2 protein chains.
Amino acid sequence: MTEQMHKRVGSAEIAGILRREISKGTFVARDRLPPERMLAESYSVARGTIREALNQLAAEGLVEIRPGSGTYVAIGASEGTNPMVANAGPLELIDARFALEPHICRLAVLHGRLQDFDRMERLMEVMEAPGTDSVLFANADTEFHSVLAETTGNGLLIWIVSQINSVRNQEQWAQMRHLTLNEAIITQYNNQHRQIVNAIRTREPERAAVLMKEHLETARLSLTRAAAA
Amino acid sequence: MTEQMHKRVGSAEIAGILRREISKGTFVARDRLPPERMLAESYSVARGTIREALNQLAAEGLVEIRPGSGTYVAIGASEGTNPMVANAGPLELIDARFALEPHICRLAVLHGRLQDFDRMERLMEVMEAPGTDSVLFANADTEFHSVLAETTGNGLLIWIVSQINSVRNQEQWAQMRHLTLNEAIITQYNNQHRQIVNAIRTREPERAAVLMKEHLETARLSLTRAAAA
DNA sequence: ATCATTTGGTACAAAATTGGCATATTCCTT
DNA sequence: AAGGAATATGCCAATTTTGTACCAAATGAT
C-alpha cells in the first residue's frame, strides 16, 4: 500500500472554498482578493489552479477579474441570502436569538455528547486566549453558538441558526463588533460561555436556558449602549 | 416483483447514502465528491460498487461524471428548497416550534396591535366553524401561527416561521394531518388558541408563553400517539 | 512624465490524479 | 450446480495540476 492518494486539491475545491468565504463575509463586496500568487501559496496550490478556480467564480458572476489590477468581489456577490434576513437589524437578531438559543440549550442537555463538549472547549480556549482580537473572538463566538445548535441534532434548528449566523457576517456587522467588543465584554462573555457549557455538562436544562438568557441580555445591553453612543 | 432482490451491501445502498449526503448538504452544488477509489475505501466497498452507484446518481441527474477530472454535484441538484428544511421530520419541527413560538408570544404581547387581533379572530372563527375539515383547519392553523409571528414585527422571526411553515406544506405532511387531526384534537386546539390570544390581549407575556408551550405539548403528544399507531 | 513594482494572461511539458474498462475470483442467492 | 453481484487487480486514456518562464496591463513612487 505505497500509494498515498493525497486528496487532489483541485480548482473545484478552491472555488468552493472561495465561494464559502465570500458568502461568509470574509471577503466583502467590492473588496480585492489577495493576488493569485499569494492565494496559491496560502492554499498550497499552483497558481494555475487558483486561476482556474477564479475563472469559475468569474463565470458565475461572483468576482470580477481586472488584469493588472486584481480580482474583486462582484457588487451583488452575497445576494444569495434572503432579503428579509439581509435587512435584519441588531435588535431583531437579538430577539430571534432570545427565542431560539435558550431552548437550544435545553435540547443540547438532552443530546450533548463528549465530542460536542470537546468542540466547545476548543472554541472557548480560542476565545479566552490572550492575543484574541475582536474579529477572531467574533468568529469563534459565532461558531460556538453553531456548535450549540448542532449539539441538539435537530437539522431544522441547525439550519435556522446557520441562517441567522449568515446575518452576523454581513458588512455592517463588522463595525458593530468593533464598537461593542471591548476587553471587559469579552471577559464577561467568556465567563457566561463557560457557565452555559458547565450547565449542559451537568445536565441542568433549565439552568442552561436561564444562563443563555442572561448571556443574551448582556449582549442586548452592550448593543443598546453602543447604539446610544 | 422483479425488484424484490434484497442485495447485501449493494450499489443501491451506496447510492442511497450518497443521495442523503448530498441532500443533507455534506456535498453542495458544484462540489467535487471524493474520487471513486477513496469512496470505495471509506465505505469499505469495491470500486465497482461505487462506480455503479455513481452511475445511478448520474442517471438521475444528481451528479455529473467527468472522466479524468472527477464526479461533481450537478448544478441543479437540491436547488430551490433548502435541503435541511425539506428533510425535517415531525419531531424536529415540533422542537423548533418549541424554541420559537413561546418567545414569539412574549414579543407579540409587546407589539400586538388591534389589527393583529382582528386577523387572529378571523382565523379562529374559520377554525371553529362547524363544517371545517382537517385541510381547512390545518391551513388556517398554519396561518394563525404566521400571524402570531408577524405580530412581533420582527422580520427575521417572520421569515424563519415562514420557512418552517413551508415544511408543513410538503406532501408527506398531508397524511400526517389526516392521522392526527380528529374532532377532539381540533376542539382542544381551538380552546388553546383562544387562551393564547386572550393572554396576549391582556398583555401577559409569561402566561401566553406557557399556554403556547402547553399547546405545542398537545401537538407533540397527538403526533407521537399517531406515530405509535 | 518616467520607471519600478505589482498583478493578471499565456504557453508548455512533466507529473499526478481520475474515471473507464477488462479480467479473474469469491460470495451469496436461486 | 448455476447465475448474478460484489471483489480485487491491473492497465489505459482523459484531464488536471504543477512548475517555470515570460508578456502585458495597471499602479504607485520618484
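This structure is a prediction, so every number in the text was calculated from the model and none was measured. Letters A, B, ... mirror the listed sequences (proteins, then strands); counts begin at 1.
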Side chain of [X] - closest among [options]:
{"X": "A:E52", "options": "D:dT7, D:dT17, C:dG8", "value": "D:dT17"}
{"X": "A:V45", "options": "D:dT18, C:dG20, C:dT18", "value": "D:dT18"}
{"X": "B:E36", "options": "C:dG8, D:dG19, C:dG20", "value": "C:dG20"}
{"X": "B:R51", "options": "C:dT10, C:dC21, C:dT7", "value": "C:dC21"}
{"X": "A:R32", "options": "C:dT7, C:dG8, D:dT18", "value": "C:dT7"}

Have [X] and [Y] got a donor and an acceptor in their side chains that come within less than 3.5 Å?
{"X": "A:T218", "Y": "A:Q192", "result": "yes"}
{"X": "A:E52", "Y": "A:S11", "result": "no"}
{"X": "A:E36", "Y": "A:T71", "result": "no"}
{"X": "A:N165", "Y": "A:S146", "result": "yes"}

Could you tell me whether [X] contacts a base, only the sugar-phosphate backbone, or nothing, with contacts defined as non-hydrogen atoms closer than 4.0 Å?
{"X": "B:R66", "result": "sugar-phosphate"}
{"X": "A:G10", "result": "sugar-phosphate"}
{"X": "A:L54", "result": "nothing"}

Nearest-angstrom distance from the residue atom [atom1] of [X] to [atom2] of [N]:
{"X": "B:Q56", "N": "D:dA5", "atom1": "CD", "atom2": "P", "answer": "12 Å"}
{"X": "B:N55", "N": "D:dA6", "atom1": "CG", "atom2": "P", "answer": "13 Å"}
{"X": "A:E64", "N": "C:dG8", "atom1": "CD", "atom2": "P", "answer": "13 Å"}
{"X": "B:L39", "N": "D:dT7", "atom1": "CG", "atom2": "P", "answer": "13 Å"}
{"X": "B:I65", "N": "D:dA14", "atom1": "CD1", "atom2": "P", "answer": "17 Å"}
{"X": "A:I14", "N": "D:dT16", "atom1": "CD1", "atom2": "P", "answer": "15 Å"}
{"X": "A:M38", "N": "C:dG8", "atom1": "CE", "atom2": "P", "answer": "9 Å"}

A:S11 side chain near D:dT17 phosphate (N/O to OP1/OP2, under 4.0 Å):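 Answer yes for this pair, as a side-chain N or O of A:S11 is under 4.0 Å from OP1 or OP2.
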Phosphate OP1/OP2 of C:dG8: any A:T71 side-chain N/O under 4.0 Å: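 Yes.
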Given DNA chain D, 5'-ward residue of the pair B:I50 and A:I50, judged by closest heavy atom: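 This one resolves to B:I50.
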Residue closer to the 5' end of DNA chain D, A:G48 versus B:R47 (nearest nucleotide):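 It is B:R47 whose nearest nucleotide is closer to the 5' end.
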Parallel, tilted or perpendicular, as decided by the 30° and 60° cut-offs, for the rings of B:W159 and A:W159: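 Because their plane-to-plane angle lies in the 30° to 60° range, the rings of A:W159 and B:W159 count as tilted.
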base_contact_polar (C:dG19 base, B:R37 side chain, donor-acceptor, <3.5 Å):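 Side chain to base: pair present.
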